[in-house]
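My structure is below; once you've seen it, I'll send some questions.
Excluded from the calculations below are hydrogen atoms, water molecules and symmetry mates; all remaining heavy atoms, backbone and side chain alike, are included.
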Amino acid sequence: MGELENTDFLSMDRRTFLKVVGAMGASTFLGLHRSEIVKALELSNTRVIWIHGAECTGCSESVLNGRDPDIFQAIQKLSVDVAYHEMLIQQQGIFVDGELASTSELNSEIMLEEAIEEGGYILVVEGAIANGPDGSGKYCMYGDHTFKELFSKAASNATFILAIGMCATYGGINSANSNIVDLTDFRGVAFLRRDPSKGMLTELGIDRPVINIAGCPANPDWVLLTLAAVILGKIDINDPDPILDEFKRPLVFFPEDVTLHWNCPRRGYYDIGQFDTEFSGDACLWKLGCKGPYTHSDCALRKWNGSVNMCTQAGSPCISCCEPGFFDNSTPFYKNAQSVAPSGGETDRSVTSNENNGAATTGSAIGLGATAGATIIGSAAYAARKIAKNNDDEKEMDQ
């Protein structure tokens with residue numbers, strides 16, 4: 001237990017963290033960190049209001065697909081009161097069984113209004129917020145009022161805001177270039193693409209602390225661990241900036257000095273200059289448009305689908321869905337990034353590749369230092385075994 005007093009649980013994966021909390025008991029865990037949680041929210045009754053703007057609900061589905069434990073076990077262990085989540089509430093609506101519902105037990109709009117009026121909650125925002133046309137917000141309606149109005153009320157009474165997914169964080173696909181992008185004018189909570197001056201909070205003149213969980217969708221670990229850190233007081237909600245990057249992403253999940261490429265399962269192929277030119281191969285996906293070298297996330301370590309796999313492992317190039325400016329600054333998705341003109345300087349395209357190196361070269365193109373070496377051993381060894389096996393197979397066929 002003594003070692004745990006100095007343990008930064010943000011560095012744990014979700015499974016380990018919840019095992020520790022479960023094994024020790026939440027009160028014991030809090031006792032160990034009591035001096036750090038003076039400003040913490042009440043663990044016994046932390047309320048969460050989760051609202052949806054312009055989005056596909058993929059982030060909610062991603063969180064609901066989290067396993068070992070699932071979201072319901074996590075909610076129980078952290079004693080969270082989900083006061084409102086449109087997907088999870090049942091038997092709710094303006095009309096129930098054909099009759100007009102006039103109580104918060106049955107009418108979700110009344111329930112949400114009462115929860116917002118009570119205040120003192122964590123606001124989770126999923127989806128972009130329409131500001132168009134002409135600042136009216138009418139391109140995203142919520143019953144008889146705009147989502148912009150709902151967001152304004154909910155944000156004003158919130159203790160803290162967690163924006164999850166690319167739509168809520170930076171505008172996402174809703175703010176991608178098009179003939180109507182200025183008319184619809186979708187915004188993220190605190191940013192529009194990479195610009196903090198055009199976030200909806202600034203537009204509305206509301207000052208609230210925000211953490212952005214990027215991704216399309218967001219990884220369930222990133223969402224649940226950040227919520228846990230806030231609830232347990234491991235993040236000072238009045239000053240979260242020390243653990244965030246310039247785009248308000250937690251550095252522990254989106255490190256500034258490490259990209260997905262470092263730990264990619266196909267990294268070994270990159271190092272020896274073997275590249276796929278068609279889908280369904282085993283080699284590096286750089287020539288098929290992989291943006292792993294530009295993407296700051298721990299996807300390749302944390303992985304997805306219950307820590308089973310991730311995009312490049314499944315044969316899809318990384319499309320850099322965690323970087324502000326997605327998706328304009330990472331399209332076209334399936335073309336070598338070095339063959340595409342930079343898009344407004346939003347993406348760092350200074351990275352060169354090993355694609356012209358026929359012989360083995362190790363890491364120089366991405367500027368890997370000694371510290372990176374240890375982290376890529378696993379993926380490089382995996383790729384080396386695959387390469388050796390393929391060579392053996394070719395020899396057998398030649399004989």
Side-chain angles (χ1 to χ4, degrees), residues 51-60 86 123-156 158 161-208 210-218 245-249 289 291 294-295 319-335 337 340-349:
I51 58 177
H52 298 253
E55 39 88 48
C56 66
T57 321
C59 291
S60 280
E86 201 165 75
L123 177 65
V124 179
V125 181
E126 181 179 351
I129 307 138
N131 193 46
D134 301 322
S136 69
K138 290 185 177 179
Y139 278 123
C140 186
M141 298 298 294
Y142 216 87
D144 62 353
H145 51 270
T146 68
F147 182 69
K148 178 182 176 182
E149 292 170 336
L150 170 63
F151 171 77
S152 178
K153 291 179 182 176
S156 297
I161 300 174
L162 186 67
I164 67 168
M166 295 309 281
C167 299
T169 52
Y170 310 112
I173 193 170
N174 301 283
S175 61
N177 279 331
S178 74
N179 292 332
I180 61 171
V181 65
D182 292 333
L183 182 63
T184 52
D185 193 12
F186 281 98
R187 311 285 184 95
V189 170
F191 284 80
L192 174 59
R193 303 184 189 93
R194 299 164 67 94
D195 187 350
S197 70
K198 295 182 179 178
M200 185 52 79
L201 286 178
T202 301
E203 175 75 15
L204 295 170
I206 298 172
D207 183 16
R208 285 291 182 278
V210 177
I211 290 181
N212 283 331
I213 305 297
C216 188
D245 69 5
E246 63 177 310
F247 301 111
K248 294 190 176 298
R249 298 177 297 180
K291 308 300 189 301
Y294 310 124
T295 304
I319 59 173
S320 199
C321 75
C322 293
E323 291 300 315
F326 173 82
F327 69 63
D328 287 337
N329 67 343
S330 62
T331 54
F333 290 147
Y334 305 122
K335 287 191 176 181
V340 179
S343 56
E346 289 190 339
T347 297
D348 176 9
R349 297 184 185 278

Check your understanding: Taking only residues two or more places apart in sequence, or in another chain, which ones meet Phe147 in a ring pair (Phe, Tyr, Trp, His ring centres under 6.0 Å)?
Key -> Tyr142
Practice item. Output the distance between atom OH (Tyr139) and atom CD1 (Ile180), rounded to the nearest 0.5 Å. Key: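 Answer rounded to 0.5 Å: 7.5 Å.
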Review point. With a cut-off of 6.0 Å (strictly less than), are more than 12 heavy atoms of other residues, nucleotides or ligands near CD1 of Ile173?
Key: no
Check your understanding: Any donor and acceptor pair, going by atom type alone, linking the side chain of Tyr170 with main-chain N or O of Phe247 inside 3.5 Å?
Key ->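 Judged by distance alone, yes, a pair lies under 3.5 Å.
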Practice item. With rounding to the nearest 0.5 Å, note down the distance linking CD1 in Ile161 to CZ in Phe151. Key: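 It is 5.0 Å, given to the nearest 0.5 Å.
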Check your understanding: Who passes side chain to side chain donor-acceptor pair (under 3.5 Å) against Asp185, sequence neighbours left out?
Key -> Asn131, Arg187
Check your understanding: Once you round to the nearest 0.5 Å, how far does SG of Cys140 lie from CZ of Phe186?
Key ->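 Result: 5.5 Å between the selected atoms.
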Check your understanding: Has the side chain of Asn212 got a donor or acceptor atom that lies under 3.5 Å from a matching backbone atom of Ala214?
Key ->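 Looks like no, no N/O pair under 3.5 Å.
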Check your understanding: Is there a donor-acceptor pair under 3.5 Å between the side chain of Asn329 and the backbone N or O of Pro324?
Key -> yes
Review point. If every non-hydrogen atom of Ala155 is compared with every non-hydrogen atom of Leu201, which pair is closest and at what distance?
Key: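 Closest heavy-atom pair between Ala155 and Leu201: CB-CD2, 4.1 Å.
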**Study point:** Flag for Ser60-Glu126: side-chain donor and acceptor within less than 3.5 Å
**Key:**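 Distance-only check passes for Glu126 and Ser60.
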Point to revise | Spacing of CD belonging to Glu149 relative to CG belonging to Leu204, to within rounding of 0.5 Å | key: 10.0 Å
**Study point:** Donor-acceptor contact present, side-chain Ser330 to main-chain Ile319, <3.5 Å
**Key:** yes
Exercise for review: Ignoring hydrogens and angles, tell me if any N or O in the side chain of Ser156 forms a donor-acceptor pair with the backbone of Ser152 under 3.5 Å.
Suggested key: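 Confirmed, Ser156 side chain pairs with Ser152 backbone.
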Check your understanding: Just by distance, with hydrogens left out, do Asp195 and Ser197 show a side-chain donor and acceptor under 3.5 Å apart?
Key ->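 Yes, side-chain donor-acceptor contact under 3.5 Å.
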Review point. Atom OH in Tyr334, atom NZ in Lys291: separation rounded to 0.5 Å?
Key: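 That separation rounds to 9.0 Å.
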Review point. Quick one: CZ on Phe327 to CZ on Arg193, what's the gap to the nearest 0.5 Å?
Key: 11.0 Å
